[in-house]
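Presented below is the structure to which this report refers.
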Amino acid sequence: MLLARLAQVSREVAATAARSRKTALLAELFRDAEADDVPIVIPYLAGRLPQGRLGVGWKVLSHPVPPAAEPTLTVREADARLTELGRVRGAGAQAERTRIVGSLMGAATADEQRFLRGLLTGEVRQGALDAVAVEGLAQATGADPAAVRRAVMLAGSLQTVAQALLAEGPGALDRFRLTVGRPVLPMLAQSASSVAEAVRKLGACAVEEKLDGIRVQVHRDGDTIRVHTRTLDDITGRLPEVTSAARELTGERFVLDGEVISFGEDGRPRSFQETAGRVGSRTDVAKAAGQVPVSPVFFDVLSVDGRDLLDLPFAERHAELARLVPEPMRVRRTVAAGPEDIPEAERFLADTLARGHEGVVVKALDAPYGAGRRGAAWLKVKPVHTLDLVVLAAEWGHGRRTGRLSNLHLGARTADGGFAMLGKTFKGMTDVMLAWQTKRLRELAVDEDADDGWVVRVRPELVVEIAYDGLQRSSRYPAGVTLRFARVVRYREDKRPEEADTVEALLAAHPEVTP
DNA sequence: TTCCGACAGTGGGGTCGCAAT
DNA sequence: ATTGCGACCCCACTATCGGAA
């Protein structure tokens, strides 16, 4: 199959808003793909490369190459060159990557270049990722979409399911079961604004502490233990504490879901930055483990002794968890039978926060494990702080925000009467707000062309209310701190910049963080 | 007809590892 | 040794489609 065909379909998919039409377009293409094309076409159309990330970013792609006039490149040829690209290492790697990308781009038409660029930067932006590809796959093969989706979650990979399905038909789906040693996509939580709201929504539920660490899925099959992240990357080698903890458990075969976090000598959790830095360390794991030891803390079990527990209600899964994992290695929790237990649940949240944790996750006791779903059966509740800050500048948006000032630079007042930038945010804005702030900020502009035209600097006059989850240390910003997960709540045109919050007050409100 | 679940898009900061400078 | 880039952790929120109620 020619790459041009994929580029063409991708453009058509991007051009329609109707999901049903996107699905039909993908299904038609899947039907036409030859067997050898399948493992390439499937990920390409979900906007991913089968090789994963290739060490190619905007820097390598910034060298323009004249496009070919006629489409001759096949998907297999393109894939072969990208595989070659992925093998480049060592000195001169960047030059060699630039050369390979250049030769690939030179063989591609303008349309194909656009598509390849999107693949390499992870920005295909056609409004169809895995979920739509799954629908298209079901349509192309006559399989039940829900069964395909489930198989993908259990395989942890769209590609393997697609290959089996297109080769053998819907019967192949039965093969994809939970298997110890093969990671599945983890269940995720939605947000709720209060414990009371969450408990009222879910009825009988568990309220569990939410630890601010790294999500892990631990598989043990006898002596073989594997640890995977939320995106199913294998991080076994970085977490010797987790493998030894799994080895000490009495079960021989199981799959556990939990969080890895580092506790200080005082028993309080270290900051997310410290835990994440530790888990990210690969070169000298023993040294890193000596400085920042981590502990696994589990909250769910997906399989035990060959029994698949995914479809059991959470209450039963937790009973299995309690049999397998001793209490100190499980998250703290309380159980609420219904709204009458809201006061107890709120006390539990307050206690959890006092112990230095992030918040709670409220989980319906009757819900199965929805692998890969961000379902409403798990609701996280975290405290939200707000500040009134001043807009110092704004950046032009991309994609659907093209032509709108999107990303705001936020400042707090300093002692000398100026403003210190605390970070940026593009979150929380409606289309109406985007249009309004674009107009308003251009009126306040003092420099429309900063940073190569990306940034519009403005007079610091516009006050905006910002919600955030917490403060963290920063080497990038002048106050030495930055906001975590900042988002816009509303503009405060009733406030003058002299009434905005100060850096001093912010630091005083978060004594646990020292710049 | 209206409501709501699921999805895609739009990017944020930090840290680590590797190659370039 | 320092700097720049890419990968991968954590993540919030809005708009939209299309099936459920």
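Just so it is clear: chains get the letters A, B, ... in the order the sequence lines come, proteins before strands, and each one is counted from 1.
A straight line from CG of D234(A) to P of dC9(C) spans 11 Å, rounded to a whole angstrom. Distance R238(A) CZ to dA7(C) P: 15 Å, rounded to the nearest Å. Whole-Å rounding puts the L483(A) CG to dA12(C) P distance at 15 Å. Regarding I214(A), its CD1 atom lies at a distance of 9 Å from the C1' atom of dC8(C), rounded to whole Å. The distance from atom NZ of K424(A) to atom C1' of dG11(B) is 10 Å, rounded to the nearest whole Å. The CG-C1' distance, from D469(A) to dG13(B), rounds to 13 Å in whole Å. Atom CD in Q472(A) sits roughly 14 Å away from atom C1' in dA12(C) (whole-Å rounding). Note: CZ (F426(A)) to P (dG12(B)) measures 6 Å, nearest angstrom.
Note on T231(A): a side-chain N or O is less than 4.0 Å away from OP1 or OP2 of dC9(C). Dashed line: the shortest gap from a side-chain N or O of H398(A) to OP1 or OP2 of dG11(B) is under 4.0 Å. T283(A) has a side-chain polar atom (N or O) that falls below the 4.0 Å cut-off from OP1 or OP2 of dG17(B). Considering only side-chain N and O atoms, T229(A) lies nowhere under 4.0 angstrom from the phosphate OP1 or OP2 of dC8(C). For dC13(C), the OP1/OP2 oxygens have no side-chain nitrogen or oxygen of S191(A) closer than 4.0 Å. For the OP1/OP2 pair of dC11(C) and a distance below 4.0 Å, the side-chain nitrogens and oxygens of K382(A) include no atom meeting the criterion. Of the side-chain N and O atoms in R230(A), none sit less than 4.0 angstrom from OP1 or OP2 of dC9(C). At dG11(B), one or more side-chain N or O atoms of S406(A) fall inside 4.0 Å of OP1 or OP2 (strictly under the cut-off). Here Q273(A) reaches the OP1 or OP2 of dT15(B): one of its side-chain N or O atoms lies under 4.0 Å away. Between K427(A) and dG9(B), a side-chain N or O to OP1/OP2 separation shorter than 4.0 Å is absent.
Taking CZ from F272(A) and CZ from R484(A), the interatomic distance works out to 5.5 Å, rounded to the nearest 0.5 Å. Atom CG of residue L120(A) and atom CD of residue Q113(A) lie 11.5 Å apart, to the nearest 0.5 angstrom.
With DNA chain C read from its 5' end, the first of the two nearest nucleotides for R400(A) and R19(A) is the one closest to R400(A). Residues A17(A) and R484(A) both approach DNA chain C. Their nearest nucleotides, taken by heavy-atom distance, put R484(A) toward the 5′ side. Taking for each of R97(A) and V132(A) the nucleotide of DNA chain B with the nearest heavy atom, the 5'-most of the two is the partner of V132(A). Residue whose closest nucleotide on DNA chain B sits further toward the 5' end, between R89(A) and E274(A): E274(A).
T425(A) comes within 4.0 angstrom of no nucleic acid atom, judged by non-hydrogen atoms across all strands. If you check every strand for non-hydrogen atoms under 4.0 Å, K210(A) touches sugar and phosphate atoms only. Contacts of Y477(A) with the nucleic acid, taken as non-hydrogen atoms under 4.0 Å apart, involve only primed sugar atoms and P, OP1 or OP2. Residue-level contact check: A18(A) touches the backbone only, with heavy atoms under 4.0 Å from sugar-phosphate atoms and none from bases. Nucleic acid contact class of K22(A) (heavy atoms, under 4.0 Å, all strands): none. The residue D431(A) sits close only to the backbone: its heavy atoms come under 4.0 Å of sugar-phosphate atoms, none of a base. Residue contacts for A91(A): at a heavy-atom cut-off of 4.0 Å it reaches the sugar-phosphate backbone alone, with no base atom in range. At a threshold of 4.0 angstrom between heavy atoms, the contacts of A131(A) are confined to the sugar-phosphate backbone, with no base atom among them.
Candidate nucleotides dA15(C), dC13(C), dG13(B) were compared by shortest atom distance to the side chain of T430(A), and dA15(C) ranks first.
Base-pair partner of dC7(B): not found among the strands shown (Watson-Crick or G-U wobble, both distances under 3.5 Å).
Both the sub-6.0 Å distance and the 45° axial angle are not jointly satisfied by R440(A) relative to the ring of Y491(A).
Distance alone, capped at 3.5 Å, places no donor-acceptor pair between the E465(A) side chain and the V489(A) backbone.
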Test log, rule side-chain hydrogen bond (donor to acceptor under 3.5 Å, both in side chains), inputs R476(A) and T482(A): CA-CA 8 Å; R476(A) 176 178 313 215; T482(A) 187; over 6 Å; no
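Considering L441(A), V390(A), I466(A), L389(A) as possible partners of L408(A), the one that fulfils the side chain to side chain contact (heavy atoms under 4.5 Å, CB included) test is L441(A).
Between K424(A) and E395(A), at least one side-chain nitrogen of the basic residue sits less than 4.0 Å from a carboxylate oxygen of the acidic one, meeting the salt-bridge criterion.
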